[in-house]
Amino acid sequence: MPELPEVETVVRDLRPLLCGQCLAAVRTSRHQLRQPWKRAWVSAIVGKRVQAIRRRGKWIILDLESSSHLLVHLGMTGRFTVVESKIPKAAHTHVVFKLNEGGQELRFADIRRFGSVRYCATADELNLLLGGKLGPEPWEMDPSDWSQRLRSSRRCLKAILLDQSVIAGVGNIYADESLFVARLAPKQLGTRTTREQADRLLSAIVQVLDHAIEARGSSIRNYVGGNGERGEYQNEFLAYGRTGEPCQNCGRAIACIRLAGRATHYCPHCQRSRSQRSEVRSQRSEVRY
DNA sequence: ACAGGATCCTGGGGGC
DNA sequence: TGCCCCCAGGATCCTG
């Protein structure tokens, strides 16, 4: 499931392989992706050089000559890799860009077709697609702005973390991991978040993402980096996918509930909300007196 | 206005 | 062994 660390890994892998290369030909499969491929894009792309490759949230942006762009999203099962042209195409390969040097191809494969590849003729078109609907990158988030964003939402923290217009790049895995590190309840409402908790959560997000990028992201099912290598962060999960296993802080079992339509893993003891803590305190005092 | 749910899609795993 | 059903979840659309 490619989230920010996986997308960042793909971009870092592809950068030395793509920058300066010319896209010499484009082939597409007959299966349409989420964003239908337009035939006119082929002639617009062919012959253009890749000037840069970068990431914004979970989106991959290839900057092409004459201020045009390729915008790629890996969805759930997308793979964006450079491979030797002679290697047979994997199943579910939907778009292939032939590179002018080295006998290689840039291939986009996606089993579930939740991903997308599209062409933007101008920077304005790209900004229109991404600009309005993506919040700041976690490293660039202003802490007081972040606190404000949390406190003005009546949604639970888990739902807010998944909202790309609030903070860009966090998905289900890193939302659970960040909330665990910050020791905050996924169910806690944004409006009930203190400034101290907001600071704690933002540091946890940055810490978890930095660590995951170092490990080349998490390979759960299909994900591989731009060079085809898997990630290793799945071996370091503290909460995600560890239902029933002991919490590394307190030893109690990690629970799994459904929040914002997503499986949510957390420690019911370490990640209690303030109201839950005071409930426990009053129960204890009842027992004592 | 906002929150939550349904939808798209395929492979893998569990149950029978 | 084989079949059916459910689950995984990012973005977007729909509903209350």
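Note that the structure is predicted; figures quoted are calculated from it, not measured. Lettering follows sequence order; numbering is per chain, from 1.
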Quiz item: What integer distance in Å separates L150(A):CG from dA3(B):P?
Solution: 12 Å
Exercise. List the steps and the verdict of side-chain contact (heavy atoms from CB on, under 4.5 Å) for L4(A) and Y174(A).
Key: CA-CA 9 Å; L4(A) 190 156; Y174(A) 299 106; over 6 Å; no
Self-check item: Between C1' of dC6(C) and CZ of R258(A), the distance in whole Å
Solution: 11 Å
Quiz prompt | Whole-Å distance separating the CG atom of L162(A) from the C1' atom of dG4(B) | solution = 13 Å
Quiz item: Nearest-Å distance, CG (L74(A)) to C1' (dC9(B))?
Solution: 16 Å
Self-check item: Nearest-nucleotide 5' precedence on DNA chain B, R113(A) against A159(A)
Solution: A159(A)
Quiz item: Would you call F237(A) and F180(A) a side-chain contact if the rule is heavy atoms closer than 4.5 Å?
Solution: no
Quiz item: So do the side chains of P268(A) and R252(A) get within less than 4.5 Å of each other, counting heavy atoms only?
Solution: no
Quiz item: For R155(A), which contact category applies under a 4.0 Å heavy-atom criterion: base, sugar-phosphate, or nothing?
Solution: sugar-phosphate
Quiz prompt | Nucleotide nearest R154(A) (side chain, heavy atoms from C-beta), chosen from dA3(B), dA8(C), dG10(C) | solution = dA3(B)
Quiz item: According to a strict under-4.0 Å criterion, is S153(A) in side-chain N/O contact with OP1 or OP2 of dC2(B)?
Solution: no
Quiz item: So does K133(A) get a side-chain nitrogen or oxygen closer than 4.0 Å to the phosphate oxygens (OP1/OP2) of dA11(C)?
Solution: no
Quiz item: What integer distance in Å separates K187(A):NZ from dA3(B):C1'?
Solution: 18 Å
Quiz item: Which whole-number value in Å describes the distance from E6(A) CD to dA8(C) P?
Solution: 18 Å
Practice problem: Would you indicate which nucleotide in dG10(C), dA8(C), dG11(B) comes nearest to any side-chain atom of A263(A)? | Solution: dA8(C)
Quiz item: Hey, is the side chain of Q164(A) poking within less than 4.0 Å of OP1 or OP2 on dG10(C), counting only N and O atoms?
Solution: no
Quiz item: For A260(A), which contact category applies under a 4.0 Å heavy-atom criterion: base, sugar-phosphate, or nothing?
Solution: nothing
Quiz item: For T193(A) and R151(A), which heavy atoms make the closest approach, and how far apart are they?
Solution: O-NH1, 2.7 Å
Practice problem: Rounded to the nearest angstrom, tell me the gap between atom CZ in R112(A) and atom C1' in dG12(B). | Solution: 9 Å
Practice problem: Look at R262(A) and dA6(B) and indicate whether a side-chain polar atom (N or O) is within less than 4.0 Å of OP1 or OP2. | Solution: no
Self-check item: Whole angstrom value for the distance that separates P of dA11(C) from CZ of R118(A)
Solution: 11 Å
Quiz item: Does H92(A) put a side-chain nitrogen or oxygen below 4.0 Å from OP1 or OP2 of dC9(B)?
Solution: no
Quiz item: Between L99(A) and L17(A), which heavy-atom pair has the shortest distance, and what is it?
Solution: CD1-O, 4.4 Å
